[in-house]
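Reckoned from all heavy atoms, side chains included, excluding hydrogens, waters and symmetry mates. We count residues from 1, following the sequence as given.
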Amino acid sequence: MADLKDFAEQLVNLTVKEVNELATILKDEYGIEPAAAAAVAVAGPAAGGDDAGEAQTEFDVILKAAGGSKLAVVKLVKELTGLGLKEAKGLVDEAPSAIKEAVTKDEAEALKASLEEAGAEVELK
């Protein structure tokens, strides 16, 4: 039973490239058309941003500039991301930088509002 769990975990953690290679092996060597592998391969790149006209469901919150209250923005980034003070300051100093990635629209808008209230310039992608 544990071997099957390990196997399932390995399958779930495959990269898109590895899924494509597995699909090719299954097709060429065993004559199996892995439809599920194709769905996983298609789903992988779409998660980053889909320009095919479908409604966007995941957003990235990008800090474009800290604004006048850099210290307040650093503290807020620390609080919102759970990073340490040094890491949060690094994110703010390296603007534009992603504060959070692949979040829902509501969460992204709430983060944007909080950061703008602290004086930061924020963009949603």
Side-chain angles (χ1 to χ4, degrees):
M1 186 76 164
D3 291 336
L4 289 176
K5 285 187 178 188
D6 291 340
F7 180 67
E9 186 172 327
Q10 288 175 343
L11 283 175
V12 170
N13 292 322
L14 289 177
T15 64
V16 173
K17 182 179 177 184
E18 292 169 332
V19 170
N20 286 331
E21 290 175 14
L22 177 61
T24 302
I25 291 169
L26 290 173
K27 182 178 178 184
D28 294 346
E29 294 185 20
Y30 300 100
I32 299 171
E33 284 285 337
V40 170
V42 170
D50 190 4
D51 296 334
E54 294 181 17
Q56 187 174 354
T57 58
E58 293 183 341
F59 295 83
D60 296 341
V61 180
I62 309 296
L63 176 69
K64 292 175 67 177
S69 321
K70 184 177 174 183
L71 182 59
V73 173
V74 170
K75 287 180 180 180
L76 185 58
V77 167
K78 177 183 179 290
E79 180 183 319
L80 294 173
T81 61
L83 295 172
L85 186 59
K86 182 178 180 180
E87 291 83 7
K89 182 182 182 302
L91 269 180
V92 173
D93 287 342
E94 295 169 5
S97 56
I99 300 300
K100 286 224 176 176
E101 297 178 333
V103 296
T104 65
K105 183 176 182 178
D106 292 339
E107 183 179 357
E109 288 177 348
L111 291 169
K112 181 179 179 185
S114 297
L115 288 163
E116 286 178 341
E117 189 177 307
E121 187 178 333
V122 183
E123 174 184 27
L124 299 181
K125 288 189 176 181

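The backbone N or O of A113 sits nowhere less than 3.5 Å from a side-chain atom of E116 that would complete a donor-acceptor pair. Under the 3.5 Å distance criterion, the side-chain polar atoms of D60 are matched with a main-chain donor or acceptor of A102.
To the nearest 0.5 Å, atoms CD1 (I25) and CD (E18) are separated by 10.5 Å. Going from atom CD of E109 over to atom CG of L124 covers 6.5 Å, rounded to the nearest 0.5 Å. Of the inter-residue distances, the one linking F59 atom CZ with K112 atom NZ reads 10.5 Å to the nearest 0.5 angstrom. Here E94 contributes atom CD and K89 contributes atom NZ; the two are 10.0 Å apart, rounded to the nearest 0.5 Å. Remark: T81 OG1 to L76 CG distance equals 9.0 Å, nearest 0.5 Å. Taking CG of L91 as the start and CD1 of I99 as the end, the distance is 5.0 Å to the nearest 0.5 Å.
Hydrophobic clustering, with ILVMFWY side chains joined whenever heavy atoms are under 4.5 angstrom apart, keeps L63 apart from L71.
Around CD of E117, the count of heavy atoms belonging to other residues, nucleotides or ligands within 6.0 Å does not exceed 12.
Between I62 and P96 the shortest heavy-atom distance is CG2-CB, 4.2 Å. Residue A118 comes nearest to V73 through the heavy atom pair O-CG2, 3.8 Å, listed as atom of the first residue, atom of the second, then distance.
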Applying salt bridge (Lys or Arg N to Asp or Glu O under 4.0 Å), run through E107 and K100 and close with a yes or a no. CA-CA 10 Å; E107 183 179 357; K100 286 224 176 176; 3.7 Å; yes
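The side-chain contact (heavy atoms from CB on, under 4.5 Å) test applied to S69 returns A72, not counting sequence neighbours.
By the 4.5 Å heavy-atom criterion applied to side chains, L115 and V61 are counted as neighbours.
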